[in-house]
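Remarks on the structure that follows.
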Protein chains: 2
Amino acid sequence: MTAVRETYRHGDLRQALLTEGLLLAREGGPSAVVLREATRRAGVSPNAAYRHFRDRAALLGAVSDAAQGCAADRIQQELDAVPVGDDRAAQSRLALRAVGTGYIAFAQEEPGLFHAAFSVPGDLSQAFSASKAGRNGLSPFQQLAQALDGMASSGALDPARRPGMEFLAWSAVHGLAMLVIDGPLRGLTEEIILSTRERLLDMVERGI
Amino acid sequence: MTAVRETYRHGDLRQALLTEGLLLAREGGPSAVVLREATRRAGVSPNAAYRHFRDRAALLGAVSDAAQGCAADRIQQELDAVPVGDDRAAQSRLALRAVGTGYIAFAQEEPGLFHAAFSVPGDLSQAFSASKAGRNGLSPFQQLAQALDGMASSGALDPARRPGMEFLAWSAVHGLAMLVIDGPLRGLTEEIILSTRERLLDMVERGI
DNA sequence: GGCGCGATGTGTACGGCGTCCACAATGGCA
DNA sequence: TGCCATTGTGGACGCCGTACACATCGCGCC
């Protein structure tokens, strides 16, 4: 990435800037996504970025999308680990827990990317769209919605309570993630964090 | 504030910078708390700030504390509106709901201050301390803890489940606040937001 | 096959930011 | 009264985002 190129054209500068931006976000969160540093790492002059992004905010938005894709991948990893069984209701509950667990794990493992993905305002409003999808083609919000749909159709969740349920679940899990990486739970033993997470997921799973 | 002073000494520059910083945060969130702009509004040269704050982060931290005090005041307003009655258990439940309602109302009414108060990392870890208290002398987290204590002692909450409960409650409510001001719920009708909030508070009140 | 034009990258420049350093004004205390 | 710690000033530096004019390239058309 930092290599000096010999051609005048870069090839795929847009992708390169996105990659470098994602690395910067990983190291220092959204505020570390600095346009000049990204171009520097891509071996290009600062203004070259403007051929591919209207301004810094646009770059940050694209990085945020990519970071949401990373989150989706981490969640999928958790979903894949759910054992298959006969009891559809029980399994759909496990899927919901897997989404929450993956979300929080992503926050703990990649706090910089997590903030880039979910603390950059303006993008979240369209977060239900598929544009920020991971390898599975689903955005984190779609993964959540899908898990809730499974619960509703298998009897694990009263279908009358299904509408709007993703807001409740997302609120709870997102709040906990923030608490764990920035708040009073930061630095606590993994054990305490785990038990808090399980209690919260119990709460969400039971619904209301 | 913007007035030109005639004395060389300012009088209470630290307080003035804090006040201007709070105004800036109110208008544009934490990132709008710009050191040079605060000194400009206080009618003082940029470097004067360094006699009172180590750096910009220190100013922002102080602003964050003050903003948490504002939140505490808004929550207290909601707590004061809880009708007094004989049923201690029912009343303590209402107190818990009032804390959540006030927290979310503050987020909606003062999103800039809300972000300054609760999205600035590093301060939240000591958020249980009283330094960020409102006029009542309690920080928002202490108000929450107090409401939960009331529930536990009046039978509204199984005392065995009391420990760590503030983390669960705070997670849920904080997540919803973020959803409402930055996320997919932004711009939705007040009706939808209200019903989502009530469902979430039902969930928290019931506990787990 | 040459050429022209749109797409892409460069250079220079501007204002704003946080922050460092040396200096000036002040007021309380000896 | 005079000294000195405290508080505010001025200037400078290196970052940042971004605007403008210019250079370089590759592709398609004659």
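The chains referred to below are lettered A, B, ... by the order of the sequence lines, with proteins before strands, and numbering in each begins at 1.
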Atom-to-atom span, [atom1] of [X] to [atom2] of [N] - whole angstrom:
| X | N | atom1 | atom2 | answer |
| --- | --- | --- | --- | --- |
| B/R51 | C/dA25 | CZ | P | 15 Å |
| A/R40 | D/dG17 | CZ | C1' | 12 Å |
| B/Y8 | C/dG28 | OH | P | 15 Å |
| B/L13 | C/dT26 | CG | C1' | 15 Å |
| A/L17 | D/dG17 | CG | P | 12 Å |
| A/D12 | C/dA7 | CG | C1' | 14 Å |
| B/R14 | D/dG8 | CZ | C1' | 17 Å |
| B/E37 | C/dG16 | CD | C1' | 11 Å |

*Give a yes or no on whether A/E191 atom CD has more than 12 heavy-atom contacts from other residues, nucleotides or ligands under 6.0 Å away.*
no

*If you check every side-chain atom of B/A48, which of D/dG8, D/dG17, C/dG18 has the closest atom?*
D/dG8

_Options D/dG17, C/dT19, C/dG9, nucleotide nearest the side-chain atoms of B/Y50_ = C/dT19

*Using 4.0 Å as the upper bound for N to carboxylate O, is an ion pair formed by A/R97 and A/E78?*
no

_With a 4.0 Å cut-off on N to O distance, would you call A/D202 and A/R93 a salt bridge?_
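Looking at A/R93 together with A/D202, the answer is no, because their closest N to O distance does not fall below 4.0 Å.
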
*With no angle test and no hydrogens, is the base of D/dT18 tied to the side chain of A/R56 by a donor-acceptor pair under 3.5 Å?*
no

*Check: B/N47 side chain, D/dG11 base, donor-acceptor under 3.5 Å*: yes

*Name the residue closer to the 5' end of DNA chain C, choosing between A/A49 and A/R36 according to the nucleotide with the nearest heavy atom.*
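Looking at the nearest nucleotide for each, A/A49 comes out on the 5' side.
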
*Side-chain N or O of A/H52 closer than 4.0 Å to phosphate OP1/OP2 of C/dA7*: no

*Kindly say if A/H10 contacts the phosphate of D/dC25, meaning a side-chain N or O under 4.0 Å from OP1 or OP2.*
no

*Given B/R74, B/R26, B/Q68, B/M178, the one that forms side chain to side chain contact (heavy atoms under 4.5 Å, CB included) with B/F114*: B/M178

*Tell me yes or no: between the side chains of B/D80 and B/Q76, is some donor less than 3.5 Å from an acceptor?*
yes

